[in-house]
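Here is the structure we will look at, set down as structure tokens.
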Number of protein chains: 2
Amino acid sequence: MREGPDIARIASLVGDPARANMLNALMGGTALTASELALEAGVSLPTASSHLSKLMEGGLLTLASQGRHRYYGLAGPQVAGMIEAITGVAEAVGPKRVRPGPRDGAMRVARVCYDHLAGEQAVTMLDRLVEKDILLRDDKEIRLGPSAVSHFAAIGIDVGAKPRRPVCRACLDWSVRRSHLAGTLGAAILDKILLEKWARREKDSRAVVFSPPGKQAFERVFLG
Amino acid sequence: MREGPDIARIASLVGDPARANMLNALMGGTALTASELALEAGVSLPTASSHLSKLMEGGLLTLASQGRHRYYGLAGPQVAGMIEAITGVAEAVGPKRVRPGPRDGAMRVARVCYDHLAGEQAVTMLDRLVEKDILLRDDKEIRLGPSAVSHFAAIGIDVGAKPRRPVCRACLDWSVRRSHLAGTLGAAILDKILLEKWARREKDSRAVVFSPPGKQAFERVFLG
DNA sequence: CGCATAGTTCGTTCCTCATCGAAGCATTCT
DNA sequence: AGAATGCTTCGATGAGGAACGAACTATGCG
């Protein structure tokens with residue numbers, strides 16, 4: 001009966017279906033209001049509100065008040081990583097479906113993870129960027145290579161500024177079990193993809209589907 | 001209200017204090033009997049038995065029957081990884097203790113993670129092995145370098161055989177937030193450390209404490 | 001065979017906690 | 001100011017599940 005960090009407390013927060021649905025929804029990266037999360041979780045507003053205050057108290061969420069709207073978001077990448085890890089186990093031990101649904105396929109290829117792109121496409125992209133020495137990888141640490149600033153500037157992404165958040169960060173992918181690119185650069189790239197309309201977000205899902213020309217453009221710019 | 005892998009189911013299994021204690025105990029790597037786990041969790045035998053069957057049904061544990069003894073163990077590295085991830089969050093958001101207990105310090109330096117060494121020492125070791133090109137790291141993938149077989153043979157560790165489990169594997173460290181070495185090689189190294197009595201396991205804890213001469217020997221062999 | 005040890009199953013008790021309706025604040029719009 | 005929207009708090013209800021004692025099964029020992 002040893003004492004350590006209270007993992008039961010954290011796990012039980014995720015362990016309620018309503019809260020799990022909310023957290024899953026927030027893995028999409030955009031902060032959501034209490035009403036949206038209530039809908040997402042399939043519970044009434046009072047119930048959702050109660051869950052949200054528990055998640056807040058547990059330190060899993062952040063809150064940004066804007067007028068009468070209150071936007072809830074994941075507390076950070078570490079929390080997102082934990083949820084990915086749990087998802088991985090659930091996926092592995094879960095009931096093996098006869099055939100993975102089409103949405104599952106799309107999720108494997110490309111999806112939103114917190115605020116950046118995940119899935120096979122994202123893993124391949126990071127591999128290529130490292131291969132071309134635009135990024136330098138050393139374990140979890142990813143740094144900008146010498147040509148990075150000019151390379152991304154040409155695409156219209158400014159990596160020169162030094163924000164509080166790290167520019168590059170590795171994030172473990174549950175479907176491929178390898179890392180993809182997170183951090184402000186990862187977020188900027190996802191923005192770019194959606195802004196250029198190379199891909200659109202699947203309704204009510206974290207899946208990201210590329211249009212055929214969009215995929216070509218993406219590959220030309222980031223993998224080429 | 002989207003459907004995905006049932007993360008609430010998995011998280012709620014970890015979310016009960018008794019079960020969390022059991023899982024924590026099993027993070028020590030050695031399989032334990034129901035009675036030992038009951039003691040560990042601070043519950044009666046029937047209660048423990050009930051919890052264990054739930055964990056089994058959830059796919060988090062494996063069972064090895066030996067006569068009238070039934071040894072429970074973690075189902076695999078993925079489960080261990082998930083628990084580390086949850087531990088990391090719990091550690092981060094948990095009540096900041098005024099001063100970290102002495103055992104916590106020891107845990108940070110070196111501890112057992114499933115079947116291999118984790119903590120600062122383990123992270124440093126992996127760094128050095130990569131630096132010396134004995135191991136080659138490429139993202140999550142860690143491969144043996146050209147000199148690896150002879151290098152480890154000299155220490156008395158055979159990495160030539162090709163077992164089912166991967167020889168090398170990266171495992172994320174919750175205290176240092178960097179990777180350390182898992183896989184059969186990681187397990188063999190931990191065996192070596194304990195066999196040579198360079199270190200001993202702290203009673204009732206995952207902590208591993210090196211004796212002064214043991215630490216020297218370890219550093220000579222693996223960091224030198 | 002009979003006794004001891006290891007573990008599971010059963011039935012009961014009890015308590016936590018998820019849920020929702022109604023009412024209460026707060027902010028914005030007109 | 002008054003009405004409407006977004007959200008939280010309160011109170012009551014109900015269900016799930018954690019707990020243990022007692023009885024039952026299985027293995028090992030003399």
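Order of the sequence lines sets the chain letters (A, B, ...), proteins ahead of strands, with each chain counted from 1.
A distance of 8.0 Å separates CH2 of A/W198 from CZ of A/F218, quoted to the nearest 0.5 Å. Rounded to the nearest 0.5 Å, atoms CG (A/L63) and CG (A/L55) are 12.0 Å apart.
Here the side chain of A/K54 is nearest to one of C/dA18, C/dT8, D/dA18, namely C/dA18. Candidate nucleotides D/dT8, D/dA18, C/dT9 were compared by shortest atom distance to the side chain of B/S49, and C/dT9 ranks first. Minimum atom distance to the side chain of A/P46 is reached by C/dC20, of the listed C/dC20, C/dT8, C/dA18. Taking the side chain of B/A18 as heavy atoms from C-beta on, and the options D/dA19, D/dT8, C/dT8, the nearest nucleotide is D/dA19. When distances are taken from the side chain of B/S44 to each of D/dC20, D/dT8, C/dT19, the shortest belongs to D/dC20.
Heavy atoms of A/S53 sit nowhere under 4.0 angstrom from any nucleic acid atom. Residue A/Y72 is classed as a sugar-phosphate contact, given heavy-atom separations below 4.0 Å to backbone atoms only.
Considering all non-hydrogen atoms of both residues, A/L129 and A/F222 come closest at CD2-O, 4.1 Å.
Looking at heavy atoms from C-beta onward, A/Y72 lies out of side-chain contact with A/M22 at the 4.5 angstrom threshold.
In this model, the phosphate group of D/dA18 is not approached by any side-chain N or O of B/T47 to a distance below 4.0 Å at OP1 or OP2.
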